[in-house]
Amino acid sequence: AQSVTQLGSHVSVSEGALVLLRCNYSSSVPPYLFWYVQYPNQGLQLLLKYTTGATLVKGINGFEAEFKKSETSFHLTKPSAHMSDAAEYFCAVSSFSGGYNKLIFGAGTRLAVHP
Amino acid sequence: NAGVTQTPKFQVLKTGQSMTLQCAQDMNHNSMYWYRQDPGMGLRLIYYSASEGTTDKGEVPNGYNVSRLNKREFSLRLESAAPSQTSVYFCASSDMGPPDSPLHFGNGTRLTVT
């Protein structure tokens with residue numbers, strides 16, 4: 001069965017610093033991996049996704065993630081944090097069975113950005 | 001674009017009361033989902049529906065029922081609310097097809113059961 005582990009429930013960075021949010025997955029089949037972002041009092045929005053092909057995936061707002069099969073990881077990075085990046089971030093793996101796309105989410109990492 | 005609309009936004013119930021959370025999407029998606037979000041636990045799937053007339057249990061279905069009323073609407077019912085059901089509930093929809101199709105989420109319903 002697929003599962004996702006996010007390391008660090010809270011991450012704090014300075015504005016302009018590198019953002020690194022860690023995600024490891026477990027999957028018995030080639031995984032489809034996602035990062036979603038949740039701003040306060042809102043639903044989740046897709047940030048980026050990995051399906052097949054290029055292992056470095058670029059998303060919205062300057063975020064990117066690299067799929068590393070050997071490390072079963074899909075860490076999210078952004079070179080320079082902005083105050084508007086403060087949000088909760090969820091890594092997810094797609095569990096596709098019976099024609100249904102179900103997402104298995106990690107517990108989330110709350111990113112704080114301070115001046 | 002409305003996307004996925006959930007009502008109500010907030011609700012307070014007493015233990016044992018019942019209520020229905022409503023969800024509608026205007027993107028012509030086939031699949032719809034109900035998740036609950038609890039601190040430190042991420043989102044957990046309660047029920048999902050691949051198409052009209054079909055529903056299936058997710059990870060945490062106990063205490064809930066669902067109805068896929070038509071292609072647009074997917075409701076979640078709590079028959080006898082319990083404090084353990086205090087949570088934020090999210091409805092989502094997606095195209096049925098390739099497994100890489102993203103989910104589109106509503107803004108959530110914040111439910112407190114006292």
Side-chain angles (χ1 to χ4, degrees), chain A residues 1-10 21 23-25 27 29-54 57 59-60 67 74 87-110, chain B residues 1-7 9-10 21 23-25 27 29-51 54-61 68 74 88-110:
Chain A
Q2 285 93 337
S3 66
V4 172
T5 301
Q6 291 183 241
L7 300 174
S9 58
H10 290 82
L21 305 182
C23 173
N24 288 89
Y25 69 90
S27 178
V29 298
Y32 295 83
L33 296 160
F34 303 78
W35 275 99
Y36 280 80
V37 59
Q38 183 182 30
Y39 298 104
N41 299 314
Q42 294 187 25
L44 281 70
Q45 304 172 33
L46 180 67
L47 205 52
L48 51 80
K49 63 183 181 184
Y50 167 79
T51 53
T52 57
V57 180
I60 62 173
F67 170 62
F74 190 56
E88 190 156 20
Y89 293 80
F90 293 92
C91 183
V93 62
S94 181
S95 172
F96 185 67
S97 63
Y100 311 145
N101 175 19
K102 298 183 290 292
L103 286 186
I104 308 299
F105 286 89
T109 298
R110 188 170 297 278
Chain B
N1 293 335
V4 178
T5 302
Q6 293 183 235
T7 56
K9 288 185 170 56
F10 301 94
L21 282 65
C23 174
Q25 53 93 6
M27 295 172 284
H29 285 165
N30 288 301
S31 300
M32 297 186 74
Y33 312 81
W34 277 105
Y35 284 88
R36 60 177 289 173
Q37 182 180 26
D38 302 291
M41 303 188 75
L43 278 77
R44 292 179 292 169
L45 183 64
I46 305 171
Y47 271 94
Y48 61 95
S49 169
S51 60
T54 68
T55 61
D56 285 281
K57 296 178 180 179
E59 302 172 70
V60 289
R68 183 73 183 269
F74 187 39
V88 182
Y89 292 85
F90 287 98
C91 178
S93 68
S94 71
D95 288 335
M96 190 170 75
D100 61 339
S101 57
L103 266 61
H104 297 259
F105 285 84
N107 285 338
T109 295
R110 284 154 182 78

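All values below were derived from every heavy atom in this structure, side-chain atoms included, with hydrogens, water molecules and symmetry-related copies excluded.
- Only the side chain of B/Leu45 comes within contact range of chain A, with at least one heavy atom under 4.5 Å from a heavy atom of that chain.
- Atoms OH and OG1, from B/Tyr48 and B/Thr54 in turn, are 9.0 Å apart once rounded to the nearest 0.5 Å.
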Report task. Using the side chain to side chain contact (heavy atoms under 4.5 Å, CB included) rule, take A/Leu103 and B/Tyr33 through it: C-alpha gap first, then chi angles, then the decisive distance, then the call. Result -> CA-CA 10 Å; A/Leu103 286 186; B/Tyr33 312 81; over 6 Å; no

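- With a 4.5 Å cut-off on non-hydrogen atoms, B/Arg110 touches chain A through its side chain but not through its backbone.
- Legend: residues meeting side-chain hydrogen bond (donor to acceptor under 3.5 Å, both in side chains) with B/Glu59, ordered by chain and number and at least two apart, are absent.
- Most heavy-atom pairs under 4.5 Å with chain B: of the set A/Gln42, A/Gln6, A/Arg110, this distinction falls to A/Gln42.
- Looking at A/Leu46, the atoms closer than 4.5 Å to chain B (heavy atoms on both sides) all sit in the side chain, from C-beta outward.
- Of the atoms belonging to A/Glu88, it is side-chain heavy atoms, and not backbone ones, that fall under 4.5 Å from chain B.
- Distance alone, capped at 3.5 Å, places no donor-acceptor pair between the A/Ser9 side chain and the A/Thr109 backbone.
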Query - Residue pair A/Leu44, B/Leu103: steps toward the side chain to side chain contact (heavy atoms under 4.5 Å, CB included) verdict - result: CA-CA 9 Å; A/Leu44 281 70; B/Leu103 266 61; over 6 Å; no

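- Of the possible donor and acceptor atoms, none in the side chain of B/Gln25 sits under 3.5 Å from a partner among the backbone N and O of B/Phe74.
- For the set B/His104, B/Met41, B/Gln37, the count of heavy-atom pairs under 4.5 angstrom toward chain A peaks at B/Gln37.
- Contacts with chain A were tallied for B/Gly108, B/Pro39, B/Gly42; B/Gly42 has the most, counting heavy-atom pairs under 4.5 Å.
- For A/Gln38, the part lying near chain B is the side chain, with the backbone staying farther off; criterion is any non-hydrogen pair under 4.5 Å.
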